[in-house]
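Take a look at the structure set out below.
Predicted, not measured: the structure shown is a model, and the values here were computed from it. A note on names: the letters A, B, ... follow the listed sequences, proteins ahead of strands, and every chain is numbered from 1.
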Protein chains: 2
Amino acid sequence: MYDVIQLLKEKELKATPQRISVLKELGRKTHPTMDDLYEALKRENPSMSLATVYKNIATLKEKGVVIEVNVADGKMRYDVYSRPHIHLVCQGCGAIEDIDCDESLYQYQACLEEKRNIKIERMDIIASVEFCSLCQKEH
Amino acid sequence: MYDVIQLLKEKELKATPQRISVLKELGRKTHPTMDDLYEALKRENPSMSLATVYKNIATLKEKGVVIEVNVADGKMRYDVYSRPHIHLVCQGCGAIEDIDCDESLYQYQACLEEKRNIKIERMDIIASVEFCSLCQKEH
DNA sequence: CTATTTGCAAACCCTTTGCAAAAAT
DNA sequence: ATTTTTGCAAAGGGTTTGCAAATAG
């Protein structure tokens with residue numbers, strides 16, 4: 001677990017209780033929706049405002065701490081950025097699991113980046129499953 | 001170019017002028033947004049309603065003719081499904097280009113499908129580019 | 001003739017914004 | 001003391017829905 005206060009200092013962001021708990025909650029959950037986040041945060045601080053969560057996410061996104069993943073349904077999901085990885089997305093429920101790149105994928109990516117002069121940010125694999133290991137439900 | 005009337009007959013959908021032009025327009029453009037579609041369709045038939053386009057897209061989606069791609073910004077993009085392929089997405093503008101899978105990717109996908117007992121529907125690669133070959137602009 | 005589809009307007013949901021009060025540095 | 005952040009409520013933007021009239025088969 002990263003040091004939230006330290007991280008905020010590095011990014012020159014004020015360490016408000018709201019911001020601290022947003023970051024901590026992001027570290028706890030994997031790829032929560034805004035609703036997931038807000039509900040959890042309100043439980044620990046009932047005066048937490050939805051707008052505050054959105055604003056904090058926006059700020060953290062600008063600083064490169066958080067990335068947004070927008071797949072499967074109309075809802076954004078949020079992810080603390082660490083290293084390049086793949087998102088495996090359940091088409092049924094939108095749940096997301098992180099997968100590390102394997103060697104062949106790294107090679108494919110490097111090749112594509114060079115050929116097109118681009119920088120690959122992420123790779124999302126959208127899949128359907130009979131019994132979803134991501135959300136533990138049938139679809 | 002596919003035979004639109006024939007396709008609709010196969011899918012047991014009524015061949016209304018609106019539906020026909022939605023399908024034709026989808027064949028003309030690559031990954032249009034709803035706005036792209038609606039604006040083009042209104043030009044050829046000014047009484048075309050936005051709701052009708054949405055409803056047709058929903059119907060065609062159910063029948064497996066059209067898939068939605070939801071990346072980069074809050075806007076859906078639509079794609080007539082043909083064969084498995086990769087979407088290369090420009091992080092700057094959301095433009096999408098189709099790329100065919102190469103052999104190593106097919107292998108990776110097959111391996112992942114077997115290991116996890118899933119069916120991969122598509123793969124989206126989100127990339128940033130200095131000069132976007134997709135939208136022909138700098139980001 | 002029957003079932004589907006259209007077009008309009010209203011509703012919906014998620015996200016963003018403006019602003020004055022509160023808090024961080 | 002200055003600048004950022006909060007919380008509220010209102011606005012925004014894309015998408016969906018209810019319903020009566022029109023149309024396809």
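We find that CZ of A:R77 is positioned 16 Å from C1' of C:dT15, with the value rounded to whole Å. Following rounding to the nearest Å, B:E12 (CD) and C:dT4 (P) show an atom-to-atom distance of 11 Å. What separates CG of B:L8 from C1' of C:dT4 is a distance of 13 Å, to the nearest Å. Between the NZ atom of A:K61 and the C1' atom of C:dT16 there is a distance of 11 Å, rounded to whole Å. Between B:N45 atom CG and C:dT6 atom C1' the separation is 11 Å, expressed in whole Å. Protein atom NZ of A:K9 is 8 Å distant from nucleotide atom P of C:dT25, rounded to whole Å. The distance between atom OH of A:Y38 and atom C1' of C:dC13, rounded to the nearest whole Å, is 15 Å.
Considering only residues two or more places apart in sequence or on other chains, A:E113 meets the side chain to side chain contact (heavy atoms under 4.5 Å, CB included) condition with A:I118, A:K119, A:I120. Taking the salt bridge (Lys or Arg N to Asp or Glu O under 4.0 Å) definition, one finds that A:E10 meets it with nothing, sequence neighbours left out. For the ring pair (Phe, Tyr, Trp, His ring centres under 6.0 Å) test, residues two or more places apart in sequence or in another chain that qualify with B:H87 are B:H31, B:H85. When the salt bridge (Lys or Arg N to Asp or Glu O under 4.0 Å) test is applied to B:K63, no partner is found at least two apart in sequence or on another chain. Partners of B:K9 by salt bridge (Lys or Arg N to Asp or Glu O under 4.0 Å), not counting sequence neighbours: none found. With sequence neighbours left out, the side chain to side chain contact (heavy atoms under 4.5 Å, CB included) criterion links A:E39 to A:D35, A:K42, A:R43. Remark: B:D79 engages no residue in a salt bridge (Lys or Arg N to Asp or Glu O under 4.0 Å) (not counting sequence neighbours). B:K75 is linked by a side chain to side chain contact (heavy atoms under 4.5 Å, CB included) to B:T33, B:D73, counting only residues two or more places apart in sequence or in another chain.
Linking ILVMFWY residues whenever their side-chain heavy atoms come closer than 4.5 Å, directly or via other members, places A:V80 and A:I57 in the same cluster.
Axis angle between the ends of the helix from C:dC1-D:dG25 to C:dT25-D:dA1, five pairs each and rounded to 10 degrees, works out to 40°.
Put simply, chain B comes within 4.0 Å of DNA chain D, heavy atom to any atom, from D:dG14 to D:dG25, going 5' to 3'.
The backbone N or O of B:M48 lies less than 3.5 Å from no partner atom in the side chain of B:T52, so there is not a single donor-acceptor pair.
Proximity of residues 49-60 of chain A to DNA chain C (heavy atom under 4.0 angstrom from any strand atom) is restricted to A:L50, A:A51, A:Y54, A:K55.
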Between side-chain atoms of residues 15-22 of chain B and protein atoms elsewhere (two or more places apart, or another chain), which donor-acceptor pairs fall under 3.5 Å?
residue: B:T16; atom: OG1; partner: B:R19; partner atom: N; Å: 3.1
residue: B:R19; atom: NE; partner: B:N56; partner atom: OD1; Å: 2.6
residue: B:R19; atom: NH1; partner: B:K14; partner atom: O; Å: 3.0
residue: B:R19; atom: NH2; partner: B:N56; partner atom: OD1; Å: 3.2
residue: B:S21; atom: OG; partner: B:P17; partner atom: O; Å: 3.0
residue: B:S21; atom: OG; partner: B:Q18; partner atom: O; Å: 3.1

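Looking at which nucleotide of DNA chain C each of B:M48 and B:K14 is closest to, the 5′-most match is held by B:K14.
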